[in-house]
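Report on one structure; see the data block that follows.
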Amino acid sequence: QVQLVESGGGLVQAGESLRLSCAISGRTSGNDVMGWFRQVPGKEREFVAALTWGGSSTYYADFVKGRFTISKDNAQKFVYLQINGLKPEDTAVYYCVNDGPSGRKYYGIQTVPRYSYWGQGTQVTVSS
């Protein structure tokens, strides 16, 4: 089992920055993909970014456009999402995810079904 706990969200002004953190407990593997999704009420969850736990590959949604950076600390078991130049349209609940050892790895990295483990989410609100 894997537990994911997000933190770092809050209310910020447009143009400011935030760093979201995801604390990981339980088993991890070098084959895992860790990432972030976000969701606005009434809309589907949207892929933001992901990385390989045992490697150096990173993946980003097209809308990120250089404002978001995903990173990790393998030793401390954290995944981070740095968001610069926040915009009101970035307002959402941000979820940390892990695809774990399940048989779902044939799903694309940007798709919801791939990920077996989800955190409870952290709210990011950007005022204009």
Side-chain angles (χ1 to χ4, degrees):
Q1 278 288 348
V2 174
Q3 292 79 44
L4 306 171
V5 179
E6 304 95 335
S7 61
L11 172 63
V12 297
Q13 299 277 346
E16 294 182 343
S17 299
L18 277 178
R19 187 175 82 157
L20 307 183
S21 300
C22 175
I24 305 159
S25 59
R27 63 143 299 282
T28 54
S29 163
N31 294 323
D32 291 351
V33 171
M34 309 280 190
W36 294 89
F37 279 70
R38 69 184 188 182
Q39 187 172 28
V40 175
K43 294 189 176 181
E44 295 185 350
R45 292 188 179 185
E46 176 181 47
F47 172 78
V48 176
L51 52 73
T52 51
W53 189 243
S56 58
S57 298
T58 57
Y59 309 87
Y60 292 96
D62 290 341
F63 70 81
V64 164
K65 295 181 180 179
R67 294 190 298 120
F68 293 49
T69 303
I70 189 170
S71 61
K72 62 180 178 173
D73 183 331
N74 289 81
Q76 298 298 319
K77 299 183 77 170
F78 275 88
V79 175
Y80 303 102
L81 185 68
Q82 177 72 37
I83 313 174
N84 298 325
L86 278 154
K87 304 176 181 180
E89 52 263 42
D90 294 321
T91 295
V93 177
Y94 285 72
Y95 296 93
C96 180
V97 297
N98 174 7
D99 67 352
S102 76
R104 301 181 188 179
K105 292 186 184 291
Y106 55 86
Y107 286 102
I109 284 176
Q110 301 195 17
T111 64
V112 169
R114 181 184 180 107
Y115 298 95
S116 301
Y117 301 103
W118 294 73
Q120 83 288 349
T122 186
Q123 176 72 47
V124 172
T125 304
V126 185
S127 63
S128 58

- line: Sequence neighbours excluded, the answer for side-chain contact (heavy atoms from CB on, under 4.5 Å) partners of Thr91 is Gln123, Thr125, Val126
Testing the basics here: between [X] and [Y], what is the closest heavy-atom pair and its distance to 0.1 Å?
X	Y	value
Thr122	Gly9	OG1-N, 3.1 Å
Asp32	Lys105	CA-NZ, 4.0 Å
Gly26	Gln3	N-OE1, 4.3 Å
Ile109	Tyr115	O-OH, 2.6 Å

I'd like a table of donor-acceptor pairs (distance under 3.5 Å, sequence neighbours excluded) in which one partner is a side-chain atom from residues 14-21, with atom names and distances.
from, atom 1, to, atom 2, distance (Å)
Glu16, OE1, Gln13, N, 3.1
Ser17, OG, Asn84, OD1, 3.0

- prompt: Quick one: salt bridge (Lys or Arg N to Asp or Glu O under 4.0 Å) pairs with a partner in residues 113-128, sequence neighbours left out?
  reply: Asp99-Arg114
For [X], enumerate each residue passing the side-chain hydrogen bond (donor to acceptor under 3.5 Å, both in side chains) test, keeping only those at least two apart in sequence or located in another chain.
X	result
Ser29	none
Ser116	Ser102
Asn98	none
Arg67	Asp90

query: For residues 70-90, which residue pairs qualify under ring pair (Phe, Tyr, Trp, His ring centres under 6.0 Å), counting only residues two or more places apart or in two chains?
result: Phe78-Tyr80
message: With ring pair (Phe, Tyr, Trp, His ring centres under 6.0 Å) as the rule and sequence neighbours excluded, what pairs involving residues 2-35 come up?
response: none
- prompt: Out of curiosity, does Tyr94 fall in the hydrophobic cluster containing Leu4 (side-chain heavy atoms, cut-off under 4.5 Å, transitive links)?
  reply: yes
message: Under 4.5 Å between side-chain heavy atoms, counting indirect links through other Ile/Leu/Val/Met/Phe/Trp/Tyr residues: same cluster for Met34 and Tyr60 or not?
response: yes
Pairs meeting criterion disulfide (SG to SG under 2.5 Å) with involvement of residues 53-93, two or more places apart: none
statement: So disulfide (SG to SG under 2.5 Å) across residues 15-78, not counting sequence neighbours, yields Cys22-Cys96
Return all side-chain donor-acceptor pairs below 3.5 angstrom for residues 43-52, not counting sequence neighbours, or 'none' if the list is empty.
from, atom 1, to, atom 2, distance (Å)
Arg45, NE, Gln39, OE1, 3.0
Glu46, OE1, Arg38, NE, 2.8
Glu46, OE1, Arg38, NH2, 3.4
Thr52, OG1, Ser57, N, 3.2

- request: Specify whether Trp118 and Phe37 have parallel, tilted or perpendicular ring planes, treating 30° as the upper limit for parallel and 60° as the lower limit for perpendicular.
  value: tilted
